[in-house]
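Order of the sequence lines fixes the chain letters, A, B, ..., with proteins taken first and strands second; residue numbering starts at 1 for each chain.
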2 protein chains.
Amino acid sequence: MTAHSRRKFRREGEERRRQDLIEATLDCVAERGLPGATVRAIAQRAGVTAGLIRHYFPGKEELLQAAYAEIVGRMTEQAKAALAMEGAGPRRRLATFLAANLGPPVVDTRVFSLWAGFIGRAHADPALSVAHREGYLDFRDEVEALVAEVLEAEGRAAGKTQLRRHAIAINAIIDGLWIEGCLAGDIFEPGELADIGIATVEALLELDLREEEKT
Amino acid sequence: MTAHSRRKFRREGEERRRQDLIEATLDCVAERGLPGATVRAIAQRAGVTAGLIRHYFPGKEELLQAAYAEIVGRMTEQAKAALAMEGAGPRRRLATFLAANLGPPVVDTRVFSLWAGFIGRAHADPALSVAHREGYLDFRDEVEALVAEVLEAEGRAAGKTQLRRHAIAINAIIDGLWIEGCLAGDIFEPGELADIGIATVEALLELDLREEEKT
DNA sequence: ACGCTACTTATACACTTGCATAACAACGCC
DNA sequence: GGCGTTGTTATGCAAGTGTATAAGTAGCGT
């Protein structure tokens, strides 16, 4: 009778393990969808046993939320970086913002899979629903502010409702192109989505975002 | 000892039962998300017992696919109706097509919830993935054909790549606005999304879709 | 009215899930 | 180097899942 020898293991720092578990969760969701992200599958991918998850997170729900927060963080990080370009003029910042949201690492099947999984349960889970609405409105507000700056610098003041509609439309363009890129990225040339997005916004606002800016 | 009396039931026609089960599935998905659509929950909502499902469908998977097909059918039905307007000119048909995709019953939380649930598992399930890609390309081809007609009628021939990019952009606008409407329909006025969509496409194509057409 | 068919119910089963708990061992400290 | 702390494993459990199967009965043909 073979006495089952207990598995060897190493102790990792708390921060490291948490990050590993989150990354393993993202991998599982990306490969097998949200229902495929079971505690056992996540643990196996992280190289630990299932029970350990509950040593770092109150429950599976919290781990998923942490993973979702991680993804959202990475996405907004790119967008924020584009917005923070204080040196450039408004038009160039808008173009950079669009390009940042329509290329890697924002356009990615893993990101999309997690997004779809959470969004699908959004209106079943009220907490998730409001979190998402807030994220959406925040994003749209940023777009609206950016558009306002651009038009103002152009000497073309726009009314509140017009500004709102522009923000809604641009947000839709970003979302739509993002989804197309995530679902079928292989049928687009690299940078093509960003080009299309910028060109469409240019047509919408009736100006050239790539032209050299005049101080 | 109370002898459990067997539950009363009525026999329904095959078509009726199948439709009821599909409708019950849609309700469950809409209210509790895809994971909430268990065979027992579906059966309860349909007013039958769980075992009956397997009398009309080989398994749960097939029932879900039938429900998904039902939703897709209802969505494309609207779009096709707009396309079939042979009497009207190309510009009016494009506007109608846009409006049809950006209002009820296409813009609906139930539809979206089911869409999100399926799309989330899309790249885990190859069969689902190709089905979706085909649906997307079909839809985009329709958009492209419509745009081609409009530009042609205007005497503005466009190159193949330009046509393709227009179709991608318009498709993105539809998708993006559709999502916004489904997720937060209450913050938009009725018809506002359609207005924004049409206005954005007008800007993109540099023409007026609502102006009276000249024969 | 009676049987037959197949639609419907009821029960059971194998499996998976998240979670609880106890045994264990790796690492730091003295 | 021994020891305690606690990160980690191993095992078990109750609940829920889809599915299989047998029993029952509603409604139709005759």
Ignoring the backbone of [X], work out which of [options] is nearest its side chain.
X       : options                : value
A:Thr38 : D:dG18, C:dG18, C:dA26 : C:dG18
A:Phe9  : D:dC13, C:dA10, C:dA26 : C:dA26
A:Glu12 : D:dT8, D:dA26, D:dC13  : D:dT8

Given A:Tyr68 and A:Trp115, is the ring pair (Phe, Tyr, Trp, His ring centres under 6.0 Å) satisfied, shown in steps? CA-CA 8 Å; A:Tyr68 181 66; A:Trp115 175 84; 9.4 Å; no
Rounded to whole angstroms, how far apart are [atom1] on [X] and [atom2] on [N]?
X       : N      : atom1 : atom2 : result
A:Arg6  : C:dA22 : CZ    : P     : 14 Å
A:Ile42 : C:dT16 : CD1   : C1'   : 15 Å
B:Arg16 : D:dG27 : CZ    : C1'   : 17 Å
A:Lys8  : C:dA25 : NZ    : P     : 7 Å
B:Gln44 : C:dT8  : CD    : C1'   : 17 Å
A:Leu52 : D:dT11 : CG    : C1'   : 16 Å
B:Glu14 : C:dT8  : CD    : C1'   : 14 Å
A:His55 : D:dA10 : NE2   : P     : 16 Å

Under 4.0 Å between any heavy atoms, over every strand shown, what does B:Tyr56 touch: base, sugar-phosphate, or nothing? Just pick one. sugar-phosphate
Could you tell me whether A:Arg10 contacts a base, only the sugar-phosphate backbone, or nothing, with contacts defined as non-hydrogen atoms closer than 4.0 Å? sugar-phosphate
Closer than 3.5 angstrom, by distance alone: can the side chain of B:Glu180 be matched with the main-chain N or O of A:Ala172 as a donor-acceptor pair? yes
Taking for each residue the nucleotide of DNA chain D with the nearest heavy atom, is it B:Glu61 or A:Val48 whose nucleotide lies nearer the 5' end? A:Val48
Go nucleotide by nucleotide along DNA chain D from the 5' end; which of A:Arg40 and A:Thr49 gets its closest nucleotide reached first? A:Thr49
Going by an N to O cut-off under 4.0 Å, is there a salt bridge joining A:Lys80 and A:Glu142? yes
Should the side chain of [X] and the base of [N] be counted as holding a donor-acceptor pair, with the cut-off at 3.5 Å?
X       : N     : result
B:Arg11 : C:dT8 : no
A:Arg17 : D:dG7 : no
B:Arg7  : C:dT9 : no

Should the pair A:Phe139 and A:Phe97 be assigned to parallel (<30°), tilted (30 to 60°) or perpendicular (>60°) ring geometry? tilted
List the steps and the verdict of side-chain hydrogen bond (donor to acceptor under 3.5 Å, both in side chains) for B:Tyr56 and B:Glu14. CA-CA 8 Å; B:Tyr56 289 100; B:Glu14 165 153 355; over 6 Å; no
